[in-house]
Structure formats: structure tokens, C-alpha cells
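Read the numbers this way: they start at 1 and go in the same order the structure lists the ligands and their atoms. We use all heavy atoms of the structure for the numbers below, so side chains are in, but hydrogens, waters and symmetry mates are not.
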Amino acid sequence: MSFNIPKSHPRYESLVKREKIIEGFKNGIVAYAGLIAHGRGEAFDYIIGERSEDFAIIAEKAAILAIKNANNPVFSVNGNVAALAVDEVIELAKLLNMKIEVNLFYRTEERVKKIVREFEERGVKVLGENPDAKIEGLDHARALCTREGIYAADVVLIPLEDGDRTQALRNMGKFVITIDLNPLSRTAKTANITIVDELTRALKNMISFSKGSVEKEILENYSNEEILSMAMKHISSRLSELATSQKEE
Ligand code: PTJ
């Protein structure tokens, strides 16, 4: 890492993630828009309190059950995800028998290659370099995918995703799981399961839950509307508590 962050810094974790995104950008893995997306995520995480709340834990457990029930689950990886959490992606995909596909919104062949290489350097083969299918209803390169991976998937885990593509995947009949700190985003509202948690935290939780047993009622009783409502209520009550304690000081 080019910037040496002192461990004693009160915002150490957040600064390390920011630095990974900057490095990823410099190495040609993260898109320009990935820097903006990360900043938006940071802002929501700050407001949420930078921890995994109940609404995140429930969604993470439901997601694991849905992936375990799937016939062809695929983990879709973009530039930000590769820069922040390549090792966690590999571990979770192995635990849950998922294929990994590099699938970019701002697709360039150069960036796809660089991300594929990140996995290959760790001895993991991934899909995405040779697309032979399209996400139906989308135009341009953002539609490209592989027949073996996303096109044939029944369940797709697609963190930090754009709303339009989420809708297109839903229209193809897929069960879509996303990780998105913004509970107001179109993706959050369109996915079947929205994990309102920071990507790295969410994946670490999912890795740990995958190693144990998860009560199957969590998926049976799951309502994404309820989860998003819990997240918004949390944001609202946390802000009003903070505003009150500010007045009292
Ligand atoms: O690498 P590419 O070309 O596929 O592009 C990736 C980005 C992320 C640039 C692209 O998918 C995009 O533009 O996404 P959006 O529409 O900006 O949505 C990203 C969402 O992820 C936003 O709602 C952010 O709040 C959220 N987000 C950002 N960082 C994190 C996050 N959620 C969880 N953890 C994060 N670290």
C-alpha cells in the first residue's frame, strides 16, 4: 500500500479499505466510477455505525440458504469487489460451491483481464474473459456474460450492482442477492435479498455462517421489504439519537 496508515488511527479500517480502492484504481482494476461508488458506500456505513446490524445478519443467513439450495449459483465480481475482497470471494465461493464470474458494468477487456489475473495468481479459475451470452434486455458491453456462468445461473450473488442490471437479471427469472450499503438504491429495492452491510464485513460474516448451520426458517420467513424497512428505521433512529445526545452535551 502506498500510504502507510498508522494502526492507532481511529478510522484505520475505513482508511485501509479506501487505500485498497485507490490501489485498485491505480492498477487498472477499479473503474473511475468505482471511486465514487466507494465514497457513497463509506457515507452510508458511517451513518449505519460501521457494524453489521440485525437486518444485515438476517439477510446474510438467508442468502447462504438460498445459495445452498441453488443448482448453479454464481458469484459476480466487479472492480470494487476484486480490489476490496478477492480472498474472501474465493473462500466463500469454495464453501458454497459457487462459480465466480468477472462481470463489469463499465466493461473494458483490459480491466477484465487484470481482475481475472488477480484470481489466477491465487490458483483460482474464473469465468468472464470469453463472454458468449448476453444479459437479456440490456445493450452495450454491460450485457456481456458467459453461458456457463451468469446466463445459466439460478442464483446470482452480485454485490455493489447497478439497478438496471439487477432488474434485467430478475426479468430473466434469476434469484438475485446483493450487498449494498444504500438501502434506498434501485438495486436494494429490486433484489430478492439485499444485504445492507459493508462488503468485506458481509463476506466475512457469510464465511463464518457457512461453516455452521443456519435455521432454514430464516429464508422461509424472509421479506426483503421488511429488511429494507429495518435498515431505514435504524438509520433514522441512530441519527435522531445522535442529534439528541449532541444537544445534551
Ligand atoms: O467494476 P465495474 O465496471 O463493474 O463498476 C462497479 C461500480 C461499483 C462502479 C458499478 O457497479 C456502479 O456504478 O455501481 P453503483 O450504481 O454506484 O452502485 C454501487 C452501490 O454499492 C452503491 O449503492 C454504494 O452505496 C454501494 N457500496 C459502495 N461501496 C460499498 C457498497 N456497499 C457495500 N460495501 C461497500 N464497500
Quick one: does atom 12 (C) of ligand 1 have a protein heavy atom under 4.0 Å from it?
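Under the 4.0 Å cut-off, atom 12 (C) of ligand 1 has no protein heavy-atom neighbours at all.
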In the protein, which heavy atom is nearest to [atom], and how far is it?
| atom | answer |
| --- | --- |
| atom 15 (P) of ligand 1 | Arg40 NH2, 3.4 Å |
| atom 36 (N) of ligand 1 | Glu198 OE2, 3.0 Å |
| atom 1 (O) of ligand 1 | Gly79 N, 2.9 Å |
| atom 5 (O) of ligand 1 | Tyr106 CD1, 3.7 Å |
| atom 22 (C) of ligand 1 | Asp180 OD1, 3.6 Å |
| atom 34 (N) of ligand 1 | Leu199 N, 2.9 Å |
| atom 33 (C) of ligand 1 | Asp197 O, 3.4 Å |

Where ligand 1 meets [X] - atom numbers and elements under 4.0 angstrom, heavy-atom basis:
| X | value |
| --- | --- |
| Gly34 | 9 (C) |
| Ala37 | 8 (C), 17 (O), 24 (C), 28 (C), 29 (N) |
| Ala33 | 9 (C) |
| Leu104 | 1 (O), 3 (O), 4 (O) |
| Glu161 | 18 (O) |
| Asn182 | 23 (O), 25 (O) |

Run the salt bridge (charged side-chain N to carboxylate O under 4.0 Å, His left out) test on Glu121 and Arg117 for me, step by step, so that the C-alpha distance in whole Å, both residues' side-chain angles and the decisive distance to 0.1 Å come before the verdict.
CA-CA 6 Å; Glu121 278 169 6; Arg117 212 175 305 138; 5.7 Å; no
Tell me the contacting part of Arg111 for ligand 1: side chain, backbone, both, or neither, using a 4.0 Å heavy-atom threshold, strictly below.
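Side chain only.
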Within reach of ligand 1, part of Leu84 (heavy-atom separation under 4.0 Å):
side chain
State whether the shortest distance between N or O atoms of Phe105 and N or O atoms of ligand 1 falls below 3.5 angstrom.
yes
Identify the heavy atoms of Ile218 and Ala62 that sit nearest to each other, and give their distance.
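Ile218 and Ala62 have their closest heavy atoms at CG2-N, 3.8 Å.
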Under 3.5 Å, side chain of Asp197 to main-chain N/O of Glu53, donor-acceptor pair present?
no
Would you mind checking if [Y] and [X] are paired as a salt bridge, meaning a charged N to carboxylate O distance below 4.0 Å?
| X | Y | answer |
| --- | --- | --- |
| Glu50 | Arg11 | yes |
| Glu110 | Lys114 | yes |
| Glu91 | Lys211 | yes |
| Lys113 | Glu109 | no |

Does ligand 1 have any atom that is closer than 4.0 Å to a heavy atom of Asp45?
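It does not, in that no heavy atom of Asp45 comes within the 4.0 Å cut-off of ligand 1.
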Please state which option from [options] has its nearest heavy atom closest to [atom].
| atom | options | answer |
| --- | --- | --- |
| atom 21 (O) of ligand 1 | Leu160, Thr200, Val81 | Leu160 |
| atom 6 (C) of ligand 1 | Asn78, Thr166, Thr187 | Asn78 |
| atom 32 (N) of ligand 1 | Leu203, Val196, Leu181 | Leu181 |

Out of Ile135, Ile150, Val156, which one pairs with Met172 under the side chain to side chain contact (heavy atoms under 4.5 Å, CB included) rule?
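For Met172, the side chain to side chain contact (heavy atoms under 4.5 Å, CB included) check succeeds only for Ile135.
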So among Lys174, Lys134, Glu136, which one has a side chain to side chain contact (heavy atoms under 4.5 Å, CB included) with Tyr151?
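So, applying the side chain to side chain contact (heavy atoms under 4.5 Å, CB included) to Tyr151 and each of Lys174, Lys134, Glu136, only Glu136 qualifies.
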Is there a path from Ile195 to Ile57 through hydrophobic residues (I, L, V, M, F, W, Y) whose side chains come within less than 4.5 Å of each other?
yes
Is it the case that Asp180 and Ser185 place a side-chain donor and acceptor less than 3.5 Å from each other?
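Yes.
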Check whether any side-chain heavy atom of Asn192 sits under 4.5 Å from a side-chain heavy atom of Ile177, and report yes or no.
no
Could you give the distance from CG (Leu92) to OG (Ser208), rounded to the nearest 0.5 Å?
11.0 Å
